[in-house]
Amino acid sequence: MLKKILNKIDWYKRILLTSFGIKRRYKINKYSIQIDFNHRLPDYQSAHPFYDRFLPHLVKYLPENTLAIDVGANVGDTLVGMLGNNDALEYLCIEASDDFFSDLKKNVESLKTQNSKLRISIVNEFVGKDITDVGLDGQGGTKHAIVGGGNIKPKSMVSILSDLAVEHSCLSLLKTDVDGFDWDVIRSSYEALKHNPYVYFECQYDNLEQLEFYRELFSEMVVIGYSKFAFFDNFGQFILATDDLNVVSELLDYVKRQNFHNSTRTYFYYDVLAYPNDKSGEVESIIAEYNIR
């Protein structure tokens with residue numbers, strides 16, 4: 001009981017510090033950024049050893065001088081984890097929230113003082129294809145899109161890459177984490193994915209319409225060459241890899257029953273790594289090493 005009271009007092013203290021704009025330093029390996037005191041990533045990583053750990057592990061295996069894109073980059077918390085394991089990549093961070101983007105910009109400037117050779121570009125855009133008139137809402141280090149709740153217009157990934165004169169062939173990883181709308185980010189990227197770089201996305205659905213969009217996404221990705229999918233729970237633990245869309249559908253239904261029916265909650269969403277069949281051996285090795293923790 002006393003521990004709960006102390007934890008609550010500590011949380012209120014952190015909210016107060018955040019309200020005054022006071023930041024704390026968060027370090028992963030040799031790089032550090034500034035985050036709000038109410039940003040939950042340090043808490044989650046302390047409580048769950050695999051939380052948000054797969055991407056920093058995956059980038060170790062990406063070819064030097066290729067491009068990794070981080071959509072929903074927040075303040076750079078995923079970026080700093082990836083940099084710690086591979087700072088020879090070029091990184092493109094895209095964030096829609098003006099508040100997060102402001103902090104992202106400051107953190108990228110700080111990272112470049114820590115290593116002047118880092119290649120990091122940032123873009124303030126809402127990435128998408130079909131959804132429009134979006135607003136952003138949230139707190140505690142995350143924001144989610146509200147369709148029809150604002151005047152933000154999406155911009156396709158292909159258009160962003162064109163504006164930056166980025167060759168699609170140098171892309172080795174597309175990561176997206178935009179709380180329920182990752183299907184739209186990926187759909188806006190299909191032209192840039194013809195050579196099948198890794199795609200790592202959050203599969204979170206808060207309503208049945210989003211769930212159906214994800215079902216469609218998996219089928220569409222198979223058509224463009226992504227024949228295999230590795231599933232992780234929201235704590236970062238590997239579940240399974242499959243090339244069977246029936247298995248994918250059953251996994252989606254498993255969380256559906258928890259979201260919309262009375263099933264006991266085990267976890268909240270999936271993270272998914274999509275890849276072509278010719279990368280199966282590489283992914284098996286990557287995940288085997290990841291699971292030894």
Side-chain angles (χ1 to χ4, degrees), residues 48-62 68-69 71-72 78 171-187 189-190 192-261 263-293:
H48 309 291
F50 286 89
Y51 186 86
D52 208 23
R53 305 285 190 185
F54 184 71
L55 276 176
H57 176 73
L58 175 64
V59 297
K60 293 190 293 186
Y61 303 89
L62 300 182
I69 300 177
V71 181
T78 299
L171 176 61
S172 59
L173 169 67
L174 170 62
K175 166 265 178 183
T176 170
D177 178 355
V178 293
D179 293 344
F181 296 96
D182 301 80
W183 53 271
D184 198 43
V185 172
I186 297 169
R187 279 180 168 173
S189 310
Y190 282 160
L193 302 177
K194 290 181 179 179
H195 64 295
N196 296 140
Y198 287 119
V199 178
Y200 188 77
F201 63 97
E202 185 182 78
C203 184
Q204 175 181 333
Y205 32 97
D206 298 323
N207 54 62
L208 292 173
E209 182 181 37
Q210 287 180 337
L211 171 57
E212 291 311 308
F213 281 133
Y214 279 110
R215 289 192 200 278
E216 293 170 6
L217 174 71
F218 282 102
S219 296
E220 291 170 5
M221 293 193 77
V222 169
V223 171
I224 65 171
Y226 288 91
S227 55
K228 304 205 76 171
F229 305 96
F231 280 75
F232 301 78
D233 66 27
N234 62 265
F235 301 106
Q237 298 172 121
F238 173 66
I239 301 172
L240 59 79
T242 184
D243 59 2
D244 188 335
L245 288 179
N246 289 322
V247 172
V248 170
S249 183
E250 289 175 2
L251 288 167
L252 296 180
D253 284 341
Y254 176 74
V255 173
K256 173 190 174 184
R257 291 191 292 273
Q258 298 175 55
N259 286 355
F260 312 123
H261 303 289
S263 294
T264 301
R265 175 68 66 185
T266 54
Y267 43 82
F268 293 85
Y269 58 84
Y270 300 108
D271 287 318
V272 182
L273 177 69
Y275 54 100
N277 191 59
D278 61 10
K279 290 183 179 177
S280 294
E282 180 180 50
V283 173
E284 286 176 9
S285 297
I286 290 171
I287 291 176
E289 287 194 28
Y290 175 72
N291 285 334
I292 303 171
R293 184 175 283 277

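Values below: every heavy atom of this structure, side chains too, minus hydrogens, waters and symmetry copies.
Note: Phe235 and Phe232 fail the aromatic proximity criterion, with ring centroids not under 6.0 Å apart. A ring-centre distance under 6.0 Å is found for Tyr200 and Phe54.
Nearest heavy atoms, Tyr275 versus Ala230: CE2-N, 4.0 Å. Smallest separation of non-hydrogen atoms from Thr242 and Asp244: OG1-N, 3.0 Å. Here the shortest heavy-atom pairing between Ser263 and Arg257 reads OG-CB, 3.3 Å. Here the closest non-hydrogen pair linking Pro197 and Lys279 is CA-NZ, 3.9 Å. Residue Val222 comes nearest to Leu245 through the heavy atom pair CG2-CD2, 4.0 Å, listed as atom of the first residue, atom of the second, then distance. Considering every non-hydrogen atom in both Val248 and Phe229, the closest pair reads CG2-CD1, 4.2 Å.
Looking only at side-chain heavy atoms (C-beta outward), Asp271 and Phe231 stay at 4.5 Å or farther from each other. Contact of the Glu212 side chain with the Trp183 side chain is not registered, since no non-hydrogen atoms from C-beta on lie closer than 4.5 Å. Ser189 is listed as a side-chain neighbour of Leu174, based on a closest heavy-atom distance under 4.5 Å. Contact check for Arg265 versus Asn259: side-chain heavy atoms found under the 4.5 Å cut-off. Under the 4.5 Å side-chain criterion, counting only non-hydrogen atoms from C-beta, Arg215 is in contact with Asp253. Looking only at side-chain heavy atoms (C-beta outward), Asp179 and Gln204 come within less than 4.5 Å of each other. You'll find the side chain of Phe260 stays beyond 4.5 Å of the side chain of Val255, heavy atoms only. The shortest distance between side-chain heavy atoms of Lys256 and Leu208 falls below 4.5 Å.
Within the structure, side-chain hydrogen bond (donor to acceptor under 3.5 Å, both in side chains) pairs that include any residue of residues 219-231 comprise Arg187-Glu220, Tyr190-Glu220 (at least two apart or interchain).
In this structure, CG on Leu217 lies 8.0 Å from SG on Cys203, to the nearest 0.5 angstrom. Distance check, rounded to the nearest 0.5 Å: OH of Tyr214 to CG of Leu251 gives 15.0 Å. Here the CG atom belonging to Asp52 is positioned 4.5 Å from the OG1 atom belonging to Thr78, to the nearest 0.5 angstrom. Atoms NZ and CG, on Lys194 and Leu171 in that order, are 14.0 Å from each other to the nearest 0.5 Å.
For the pair Lys175 and Phe201, the cation-pi criterion (under 6.0 Å, within 45° of the ring axis) is not fulfilled.
Side-chain atoms of Tyr198 and Glu282 form a donor-acceptor pair, as typed in the model, at a separation below 3.5 Å.
Of the candidates Val185, Ile186, Leu273, Ile69, Ile186 is the only one forming a side-chain contact (heavy atoms from CB on, under 4.5 Å) with Val199.
Proximity of a side-chain donor or acceptor of Asp182 to a complementary backbone N or O of Asp177 within less than 3.5 Å is detected. Put simply, the side chain of Lys60 never gets that close to the backbone of Ile286: no donor and acceptor are under 3.5 Å apart. Side chain of Tyr290 to backbone of Phe50: a donor-acceptor contact under 3.5 angstrom is found. A donor-acceptor contact shorter than 3.5 Å is absent between the side chain of His57 and the backbone of Ile287. No donor-acceptor pair closer than 3.5 Å links the side chain of Gln237 to the backbone N or O of Asp233.
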>> With side chain to side chain contact (heavy atoms under 4.5 Å, CB included) as the criterion, how do Ile239 and Tyr254 come out once you've worked through the C-alpha distance, each side chain's angles and the decisive distance to 0.1 Å?
In response: CA-CA 13 Å; Ile239 301 172; Tyr254 176 74; over 6 Å; no
> Can Tyr205 and Tyr270 be said to form a side chain to side chain contact (heavy atoms under 4.5 Å, CB included), step by step?
Replying inline: CA-CA 10 Å; Tyr205 32 97; Tyr270 300 108; 4.2 Å; yes
